[in-house]
Amino acid sequence: SRMSFFLGVVMVFLKNIIKDWCSVKNPGTSIVLFFVTASIFILAPAIYRPSVLQVFGGDVYHNLWIWGRNVSNVAAGVAPYTPNIFFPDPLSSFYSEMEIGNSILYGLFTAIGFHPIRSYLAILVLSFALTGISVSFISRRLGASASGSIVGGTIAAFASYRYSHLPHAQLLASYWA
């Protein structure tokens, strides 16, 4: 099937990237390609069939609402924290998650024509990839070997707790820290 062919190609690609990462002096491109490809591979079921997100209930839609509200407020020239609910409290958004980083990504994805659910999936892929990239670069900077930094980034990016928090994109966005 198309899915098994896709996964086979991704596995060969990942193997070549790892080999390249461990053999070059400036492996930035290789590490970025590795984590983006691995994230797409890991999240392939959700990317291939976005209806899987319905299993998670309202948290996905809550995040989409927050991001959409922030983007529309900025587009209208209003402060992003100005809510459209909880009237008359003008600062009720300060009691909730602002998610500025994810709102910026959501705005970029929707501006180029992504559907809101596809934007959510793209942010999930980026959260896994960017976490692995940032941990790899930090561990390399702190003196780990090339292979050690890729192992550290892989452990951080694909740790088991992250899968139970797929509907909580604000928790997965640890790469901003």
Side-chain angles (χ1 to χ4, degrees), residues 2-3 6 10 13 28-138 141 153-154 156-159 161-177:
R2 287 185 297 175
M3 187 66 164
F6 168 74
V10 168
F13 189 62
T29 305
S30 297
I31 194 67
V32 169
L33 285 174
F34 170 76
F35 282 109
V36 169
T37 308
S39 299
I40 290 170
F41 176 74
I42 295 291
L43 296 171
I47 294 168
Y48 187 68
R49 226 173 263 267
S51 60
V52 188
L53 293 176
Q54 293 175 354
V55 174
F56 299 128
D59 286 337
V60 171
Y61 304 111
H62 174 71
N63 286 331
L64 290 172
W65 177 80
I66 290 173
W67 302 340
R69 180 203 66 213
N70 289 344
V71 169
S72 65
N73 282 350
V74 168
V78 181
Y81 55 82
T82 306
N84 58 3
I85 60 172
F86 304 126
F87 183 80
D89 185 358
L91 301 176
S92 63
S93 288
F94 282 125
Y95 310 132
S96 180
E97 297 137 332
M98 289 293 292
E99 299 194 51
I100 299 299
N102 285 339
S103 295
I104 292 169
L105 291 173
Y106 179 80
L108 292 173
F109 287 127
T110 54
I112 61 173
F114 277 40
H115 184 275
I117 296 294
R118 293 286 182 196
S119 297
Y120 188 88
L121 289 169
I123 290 170
L124 282 183
V125 168
L126 279 177
S127 75
F128 280 80
L130 292 175
T131 299
I133 292 166
S134 62
V135 170
S136 288
F137 285 156
I138 288 170
R141 176 85 175 164
T154 302
F158 305 112
Y161 81 92
R162 294 176 62 82
Y163 299 105
S164 63
H165 290 291
L166 284 178
H168 306 121
Q170 67 274 25
L171 296 177
L172 297 176
S174 57
Y175 53 88
W176 293 109

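Sequence positions, counted from 1, serve as the residue numbers for this chain.
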Between [X] and [Y], which heavy-atom pair has the shortest distance, and what is it?
X      : Y      : answer
Leu124 : Leu172 : CD2-CD1, 3.5 Å
Gly153 : Ser136 : CA-OG, 3.5 Å
Pro167 : Tyr120 : O-OH, 2.8 Å
Ala157 : Phe128 : O-CD2, 3.1 Å
Ala46  : Leu121 : O-CD1, 3.6 Å
Ala156 : Arg162 : O-CD, 3.3 Å

Kindly compute the distance separating [atom1] ([X]) from [atom2] ([Y]), expressed to the nearest 0.5 Å.
X      : Y      : atom1 : atom2 : value
Phe137 : Ile31  : CZ    : CD1   : 6.5 Å
Ile66  : Ile100 : CD1   : CD1   : 10.0 Å
Ile123 : Ile104 : CD1   : CD1   : 10.5 Å
Leu105 : Glu99  : CG    : CD    : 11.0 Å
Ser127 : Leu166 : OG    : CG    : 8.0 Å

Is there side-chain contact between [X] and [Y], with at least one heavy-atom pair below 4.5 Å?
X      : Y      : value
Tyr163 : Phe158 : yes
Leu64  : Ile117 : yes
Pro116 : Trp67  : no
Asn70  : Asn102 : no
Leu108 : Tyr106 : no
Thr154 : Phe35  : yes
Val36  : Ile40  : yes

Point to revise | Heavy-atom donor-acceptor pair, Thr37 side chain to Phe34 backbone, under 3.5 Å | key: no

Practice item. State whether the side chain of Arg118 and the backbone N or O of Ile47 hold a donor-acceptor pair below 3.5 Å, judged by distance alone. Key: yes

**Study point:** Contacts of Arg49 that satisfy side-chain contact (heavy atoms from CB on, under 4.5 Å) - sequence neighbours left out
**Key:**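 Partners of Arg49 by the side-chain contact (heavy atoms from CB on, under 4.5 Å) criterion, ordered by chain and then number, come out as Ser51, Val52.
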
Check your understanding: Do Asn63 and Gln170 get their side chains close enough for a donor-acceptor pair, meaning under 3.5 Å?
Key ->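 A donor-acceptor contact under 3.5 Å links the two side chains.
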
